> 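Shown below is the structure under consideration.
Residue numbering restarts at 1 for every chain, and letters A, B, ... go by the order of the sequence lines. Keep in mind it's a predicted model, so treat the numbers as computed, not measured. For the numbers below, each heavy atom of this structure counts, side chains included, while hydrogens, waters and symmetry mates do not.
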2 protein chains.
Amino acid sequence: MSDHIRIVLVNTTHPGNIGGVARAMKNMGVSDLCLVEPKSFPHPDADARASGATDILEKARVVSTLDEALADCGLIFGTSARERHIPWPLVNPRELAAIAIPLEGKARVAILFGREDRGLTNEELQRCHHHVHIPAVESFSSLNIAAAVQVITYELRMAQVADQQAARPQWGTDWDIELAEQRELELMFEHLERTLVEIEFLDPNNPRQLMPRLRRLLQRAVPDKVEVNVLRGILTAIERRSGQVKKDKSDV
Amino acid sequence: MSDHIRIVLVNTTHPGNIGGVARAMKNMGVSDLCLVEPKSFPHPDADARASGATDILEKARVVSTLDEALADCGLIFGTSARERHIPWPLVNPRELAAIAIPLEGKARVAILFGREDRGLTNEELQRCHHHVHIPAVESFSSLNIAAAVQVITYELRMAQVADQQAARPQWGTDWDIELAEQRELELMFEHLERTLVEIEFLDPNNPRQLMPRLRRLLQRAVPDKVEVNVLRGILTAIERRSGQVKKDKSDV
């Protein structure tokens with residue numbers, strides 16, 4: 001949980017968006033929501049879009065001035081889609097997260113989101129230490145407010161889970177089967193080659209690049225033990241079918 | 001633009017969500033939308049939530065099977081919030097982008113999003129090369145579908161603009177004024193110190209850590225030339241007011 005992060009929505013018009021913001025926050029472990037003069041709140045549309053994040057809405061603080069929302073905050077970011085007259089220190093959401101997450105326990109961090117139609121005013125933006133810009137396409141740069149909160153809280157969460165990400169297992173998830181060991185793979189490739197010769201697909205006197213190509217293919221998949229057993233089972237079945245006569249002879 | 005990326009929505013129930021997806025895509029420069037058996041489409045709710053991204057909706061292809069949606073795709077990702085019975089190669093949205101963006105011009109990449117209430121079926125997920133998981137809080141892990149598309153297309157865009165990000169100027173944005181040079185700063189600090197002595201805030205016989213603290217503060221801000229001039233103007237004004245008598249005398 002990012003208990004030191006506060007999401008501040010300024011003059012939000014559509015209550016559905018407030019619900020969407022609450023859902024996005026809860027998805028990403030952020031719970032402190034402050035609403036500066038929302039047009040309609042509480043509202044059934046907010047509850048509907050929150051889709052289970054009603055606890056965030058119930059705890060949300062409604063205030064009448066931005067000052068009240070920011071009073072106890074040590075660092076303030078304002079979201080901005082437009083180029084401003086006076087340049088301001090500008091970060092992207094990833095840089096915001098890199099600054100904000102390490103402040104846990106040290107300072108409260110507010111992130112401001114403006115009105116659906118025209119964002120934050122210049123005066124509001126000048127209250128901020130940094131501006132944050134989501135790198136959208138220039139010709140269509142205005143994100144839905146809940147979508148913008150989703151992107152920024154996602155980056156906060158990514159920064160927070162970075163340590164556990166670094167320790168992720170093979171393939172990014174726990175596997176239920178051990179990977180095959182090299183000697184098992186080699187036995188499989190020998191078996192494969194034998195089988196290909198047996199079925200006269202591979203000419204031992206003119207092997208060309210067939211085996212290297214097959215190795216490259218199968219090794220790219222990094223097979224596990226069960227997969228190797230399955231493949232060998234298939235090869236055995238092919239051999240049996242193909243070499244029935246020979247096999248019968250040798251069995252005598 | 002990421003012309004090789006296709007967003008595929010499977011059996012979407014709420015047309016508003018399709019509109020939200022279109023807006024998120026257009027924000028991030030992705031335009032290829034394919035809808036597999038949507039419940040209601042086209043629909044006014046989709047147009048409303050698209051909020052100007054109606055071109056994406058107009059170009060969207062509606063198909064009746066997942067096969068049609070994926071036929072020309074070389075790499076397929078499926079979004080998944082739940083743990084699955086059979087583990088599957090799993091990436092996060094950033095890893096997805098690192099894999100997908102370099103494939104531009106080489107392969108079409110599909111990213112599948114499932115039903116609002118229960119995601120993709122196991123069979124649909126088994127059509128995918130990789131699963132992609134947005135690292136939400138485990139106890140509340142289901143994102144709104146438009147929010148999920150926003151996060152993933154944001155990562156695609158971040159990967160695409162990485163080069164220009166690396167070359168970003170001081171403060172992350174173009175500044176309209178040159179930074180002050182060191183000698184200008186030193187002259188300002190001398191001026192500041194003189195002024196502080198003049199107004200008897202600083203005792204030259206017992207300066208303590210006042211000037212180092214002020215230097216540390218102002219230098220953290222890395223002032224530009226205009227800012228230094230403004231500060232010196234203030235100091236001059238203070239001096240003038242404070243030292244009126246002395247100044248009058250020296251002017252004689």
> Taking atom CD as the centre, does B/Glu138 end up with more than 12 heavy-atom neighbours from other residues, nucleotides or ligands that are less than 6.0 angstrom away?
no
> What residue pairs, at least two apart or across chains, pass ring pair (Phe, Tyr, Trp, His ring centres under 6.0 Å) with a residue in residues 141-161 of chain B?
none
> Using a 4.5 angstrom heavy-atom cutoff, name the option from A/Gly20, A/Ser139, A/Pro93 with the most pairs to chain B.
A/Pro93
> Would A/Arg232 and A/Glu227 pass as an ion pair if we require N to O under 4.0 Å?
no
> If only atom types and distance count, is the side chain of B/Glu116 paired as donor or acceptor with the main-chain N or O of B/Thr13 below 3.5 Å?
yes
> Which residues in residues 143-153 of chain B have a heavy atom less than 4.5 Å from any heavy atom of chain A?
B/Leu143, B/Asn144, B/Ala147, B/Gln150, B/Val151
> One thing to verify: whether A/Lys26 and A/Asp55 come together as a salt bridge, which I'm taking to mean a side-chain N less than 4.0 angstrom from a carboxylate O.
yes
> Identify whether the distance between the nearest side-chain nitrogen and carboxylate oxygen of B/Glu124 and B/Arg115 falls below 4.0 Å.
yes
> Is it the side chain or the backbone of B/Ile134 that comes within 4.5 Å of chain A heavy atoms, both, or neither?
side chain
> B/Ala221 versus chain A, heavy atoms under 4.5 Å apart: side chain, backbone, both or neither?
neither
> Without swapping roles, check the side chain of A/His14 against the backbone of A/Ala46 for a donor-acceptor pair under 3.5 Å.
no
> Any sub-3.5 Å donor-acceptor pair from B/Ser2's side-chain atoms to B/Ile5's backbone N or O?
no
> Could you tell me which portion of A/Arg94 (side chain, backbone, both or neither) has an atom closer than 4.5 angstrom to a non-hydrogen atom of chain B?
both
